[in-house]
S.K.: 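Before we start, here is the structure in question, set down as structure tokens.
Remember, it's a predicted structure, so these values are computed and weren't measured experimentally.
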Amino acid sequence: MDYPVRQPGGWLSFRGPGVRERIVATARTLRFRRKARRLPTPSLEAVRAAPAGLAAGDVVLICVTRDAAKLLPSFLAHYRRIGVSRFAFVDDRSEDGTRSLLEAQPDVDLFVSDADFRQSAGGLVWRDMLVERYGRGRWYLSVDSDEYLVYPGYEELPLASFVADLERHRLRRAHAPMLDIYPDGPLGGSRPPAAVEAFPTETSPFFDGAGYGIDHEMYGTAVRGGPRRRLFGVEMRMSKFPLLCADRATRFAGGSHHGPLPLGRNFLPVHAVLLHHKFPAGAVEDFHEIARRGTHSGKSAFYKKIVAQDDFNEATDLRYPGSIRFEGSQQLVDLGFMRDLRQPR
């Protein structure tokens, strides 16, 4: 079977936005800021605080989560290994032990709210409230509990080194598409890893090697593609800006999960990747639950489209002839999935 292919190498040479696009982005930012001012402000109560203080250069990881207990040990292990020393979690009414797991972590600040995910603009208002709490002028990681940031050399280099690379190039955020990883076999055959802190590629080692497109869109440069597009025709925006320096102009509310304000900063080449652990053991049940809750974008419209298809079930195998086994960050650089800021253009 032939698949629509645009090699990821095209990401590296993709042209930057023109003057008109930047003017439009500025106008949209102003309009979205006005919209954000009308959003209600929910409560945000700290129920657990890490005892250690924060240094000026510490990166705070912000995560809004619900029922992610099976993912969190691996998630925490990965981000600790690359140098994150403070996690700020908002637990959105978990029922699977997530809250007790987080309360036991020495480097986690845990928050709860009187509002739910939808009432807080999909968690965006909470993220802004946390930025105000920890301070502007600081770098933040804003990720979901199934997203693992990888950047060139992450295996040996700490996150602070990547931040220094961004600052040296006068960048205030990093563009990182979500690269869906999936198991070596049917979804129903996927098993939990031997160690709960194992990196997700132990059980989901493959990703799509081609079939992606890139363009400038409303919220910034966007990449689309992956197995959900290839198999189910779902045109989800796979780009995010998970690592950013939050100054006075930075806002999540009013923007999008895939493009914080100001929008003009979101027209960037790809400098990192989020390995997206969307297909662990139990993924089919998870997709049905997301569709039922309707809390994701467009009331979970993309998930509803997938679960409504007869060929999405425990026997679904996401592999195809273009699947590639993940081998590390240099592989992603060599294949054109991300640019290494340490190398000359």
S.K.: Work out which heavy atom in K240 is nearest to a heavy atom in M178; give both atom names and the distance.
M.R.: CE-SD, 3.9 Å
S.K.: For L124, is there any backbone N or O sitting under 3.5 Å from a side-chain donor or acceptor partner on R251?
M.R.: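 The answer is no, because no donor-acceptor pair under 3.5 Å joins these two groups.
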S.K.: Does CZ belonging to R172 count more than 12 external heavy atoms closer than 6.0 Å?
M.R.: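 Not more than 12 within 6.0 Å, no.
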S.K.: Working to the nearest 0.5 Å, report the span between CG of D311 and CG of N313.
M.R.: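 If I round to the nearest 0.5 Å, the distance is 7.5 Å.
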S.K.: Going by heavy atoms in the side chains, are P205 and I181 under 4.5 Å from each other?
M.R.: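 The answer is no, as the side chains (C-beta and beyond) never meet within the 4.5 Å cut-off.
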S.K.: Please confirm whether the backbone N or O of G153 pairs with a side-chain atom of S329, one donor and one acceptor, at under 3.5 Å?
M.R.: yes
S.K.: Are F337 and F326 close enough that their ring centers fall under 6.0 Å?
M.R.: no
S.K.: If only atom types and distance count, is the side chain of S120 paired as donor or acceptor with the main-chain N or O of F117 below 3.5 Å?
M.R.: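 Judged by distance alone, yes, a pair lies under 3.5 Å.
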S.K.: Ignoring hydrogens and geometry, is there a side-chain-to-backbone donor-acceptor pair from Q331 to R325 under 3.5 Å?
M.R.: yes
S.K.: Can you tell whether the side chains of D144 and R127 come within less than 4.0 Å, N to carboxylate O?
M.R.: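 A salt bridge links D144 with R127.
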S.K.: So, are D180 and R228 salt-bridged, with charged N and O less than 4.0 Å apart?
M.R.: yes
S.K.: Give a yes or no on whether the backbone of A88 and the side-chain of D109 come within a donor-acceptor separation of less than 3.5 Å.
M.R.: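 No.
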S.K.: Quick check on the hydrophobic clustering: are L261 and Y140 connected, directly or via other members, by side-chain heavy-atom contacts under 4.5 Å?
M.R.: no
S.K.: So which heavy atom on L157 is nearest to which on P152, and how close?
M.R.: CD1-O, 4.1 Å
S.K.: Write down the atom of G213, the atom of R229, and the distance for their closest heavy-atom approach.
M.R.: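 Answer, listing the atom of G213 first, then R229: N-NH1, 3.7 Å.
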S.K.: Without swapping roles, check the side chain of Y79 against the backbone of L149 for a donor-acceptor pair under 3.5 Å.
M.R.: yes
S.K.: Would you mind reporting whether K278 and F287 have side-chain heavy atoms less than 4.5 Å apart?
M.R.: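 In short, these two side chains touch, coming nearer than 4.5 Å.
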S.K.: Start with the C-alpha distance between Y320 and Y182, add both sets of side-chain angles, then the distance that settles ring pair (Phe, Tyr, Trp, His ring centres under 6.0 Å), and finish with yes or no.
M.R.: CA-CA 11 Å; Y320 80 119; Y182 44 87; 7.7 Å; no
S.K.: Grab the two heavy atoms, one from F267 and one from G220, that are nearest each other, plus how far apart they are.
M.R.: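 The pair with the smallest heavy-atom distance is CE2-CA, 3.7 Å.
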S.K.: So if I apply the side chain to side chain contact (heavy atoms under 4.5 Å, CB included) rule between V131 and each of I62, T250, V60, which one comes out positive?
M.R.: I62
S.K.: Between the side chain of H276 and the main-chain N/O of D146, is any donor-acceptor distance below 3.5 Å?
M.R.: no
S.K.: In Å and rounded to the nearest 0.5 Å, what is the CG to OH distance from N266 to Y219?
M.R.: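 The OH atom of Y219 is 11.0 Å from CG of N266, to the nearest 0.5 Å.
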S.K.: Salt bridge or not for D215 and R237, using N-O below 4.0 Å?
M.R.: no
S.K.: Between L141 and F162, is there a shared hydrophobic cluster once you connect ILVMFWY residues whose side-chain heavy atoms come closer than 4.5 Å?
M.R.: yes
S.K.: Ignoring hydrogens and geometry beyond distance, is a side-chain donor-acceptor pair present between D107 and S85 at under 3.5 Å?
M.R.: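 Checked: D107/S85 side chains show no N/O donor-acceptor pair below 3.5 Å.
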S.K.: Rounded to the nearest 0.5 Å, how far apart are CZ of F89 and SG of C63?
M.R.: 4.5 Å
S.K.: Do you know the tightest heavy-atom contact between F75 and L61?
M.R.: CZ-CD2, 3.8 Å
S.K.: Does E285 come within less than 4.0 Å of R292, counting only side-chain N to carboxylate O?
M.R.: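 A salt bridge is absent here (no side-chain N lies under 4.0 Å from a carboxylate O).
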S.K.: Just how far is it from atom CG of L268 to atom NE2 of H216, taken to the nearest 0.5 Å?
M.R.: 9.5 Å
S.K.: Assess the pair Y151 and H271: is the distance between their ring centroids shorter than 6.0 Å?
M.R.: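 So the answer is no for these two rings.
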S.K.: In the structure I gave you, are the side-chain heavy atoms of P183 and T203 within less than 4.5 Å of one another anywhere?
M.R.: no
S.K.: Suppose we call two aromatic rings close when their centres sit under 6.0 Å apart. Are F232 and F312 close by that rule?
M.R.: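 Yes: the rings meet the under 6.0 Å criterion.
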S.K.: Using a 4.5 Å cut-off on heavy atoms from C-beta on, say whether the side chain of S204 contacts that of H277.
M.R.: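 Yes, their side chains come closer than 4.5 Å.
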S.K.: Test side chain to side chain contact (heavy atoms under 4.5 Å, CB included) on F199 and H78; report intermediate values, then the result.
M.R.: CA-CA 7 Å; F199 199 61; H78 169 68; 3.4 Å; yes
S.K.: Please report the closest heavy-atom contact between M238 and G225, naming both atoms and the distance.
M.R.: CG-O, 3.8 Å
S.K.: Treat each ILVMFWY residue as a node, draw an edge where side-chain heavy atoms are under 4.5 Å apart, and state whether L166 and F241 are in one component.
M.R.: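 Looking at the clustering, F241 is in the same group as L166.
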S.K.: State whether the side chain of S94 and the backbone N or O of D96 hold a donor-acceptor pair below 3.5 Å, judged by distance alone.
M.R.: no
S.K.: Are L341 and L332 grouped together when hydrophobic residues (ILVMFWY) are joined by side-chain heavy atoms under 4.5 angstrom apart?
M.R.: yes
S.K.: Walk me through whether R81 and E155 qualify under salt bridge (charged side-chain N to carboxylate O under 4.0 Å, His left out).
M.R.: CA-CA 9 Å; R81 193 180 63 77; E155 296 92 339; over 6 Å; no
S.K.: May I have all residue pairs that pass side-chain hydrogen bond (donor to acceptor under 3.5 Å, both in side chains) and include part of residues 64-74, sequence neighbours excluded?
M.R.: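 Found T65-S145, D67-R293, K70-D286, S74-Y148.
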S.K.: Just wondering, do F207 and L318 contact through their side chains at under 4.5 Å, heavy atoms?
M.R.: no
S.K.: Hey, quick one: are L275 and Y212 part of the same hydrophobic cluster, counting side-chain heavy atoms closer than 4.5 Å, chains of contacts allowed?
M.R.: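 Both belong to a single hydrophobic cluster.
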S.K.: Before giving the answer on side chain to side chain contact (heavy atoms under 4.5 Å, CB included), spell out for L130 and L44 the whole-Å C-alpha distance, their side-chain angles and the decisive distance to 0.1 Å.
M.R.: CA-CA 9 Å; L130 290 173; L44 198 59; 3.8 Å; yes
S.K.: Backbone N or O of D116 within a donor-acceptor pair of the D92 side chain at under 3.5 Å?
M.R.: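 A pair under 3.5 Å: no.
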S.K.: Quick one: does K305's side chain have a donor or acceptor within less than 3.5 Å of a partner on G233's backbone?
M.R.: yes
S.K.: Could you please spell out the steps behind the side chain to side chain contact (heavy atoms under 4.5 Å, CB included) verdict for D58 and V84?
M.R.: CA-CA 7 Å; D58 287 346; V84 174; over 6 Å; no
S.K.: Would H175 and S239 count as having a side-chain donor-acceptor pair, cut-off 3.5 Å?
M.R.: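 Distance-only check passes for H175 and S239.
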S.K.: So T29 and R33, side chain to side chain contact (heavy atoms under 4.5 Å, CB included) or not? Walk me through it.
M.R.: CA-CA 6 Å; T29 295; R33 283 192 188 283; 3.8 Å; yes
S.K.: Can you check whether W139 reaches E167 side chain to side chain, under 4.5 Å on heavy atoms?
M.R.: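 W139 vs E167: side chains touch.
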S.K.: Side-chain atoms of residues 184-196: list all donor-acceptor pairs with protein atoms under 3.5 Å, sequence neighbours left out, distances to 0.1 Å.
M.R.:
{"residue": "D184", "atom": "OD1", "partner": "R319", "partner atom": "NH1", "Å": "2.5"}
{"residue": "R191", "atom": "NH1", "partner": "G188", "partner atom": "O", "Å": "3.1"}

S.K.: Do P42 and M129 make a side-chain contact, defined as non-hydrogen atoms from C-beta onward lying under 4.5 Å apart?
M.R.: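 In contact.
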S.K.: Considering residues at least two apart in sequence or located in another chain, which fulfil the side-chain contact (heavy atoms from CB on, under 4.5 Å) criterion with R99?
M.R.: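 Partners of R99 under the side-chain contact (heavy atoms from CB on, under 4.5 Å) test: V47, D91, E103, L110, V112.
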S.K.: Flag the pair V307 / H288 as yes when at least one side-chain heavy-atom distance between them is below 4.5 Å, and no otherwise.
M.R.: yes
S.K.: For the atom pair OH (Y134) and CZ (R86), what is the distance rounded to the nearest 0.5 Å?
M.R.: 6.0 Å
S.K.: Quick one: CZ on R230 to CG on D208, what's the gap to the nearest 0.5 Å?
M.R.: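 One finds 4.0 Å between CZ of R230 and CG of D208.
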S.K.: Looking at R168, I want to see if its CZ is surrounded by more than 12 non-hydrogen atoms of other residues, nucleotides or ligands under 6.0 Å.
M.R.: yes
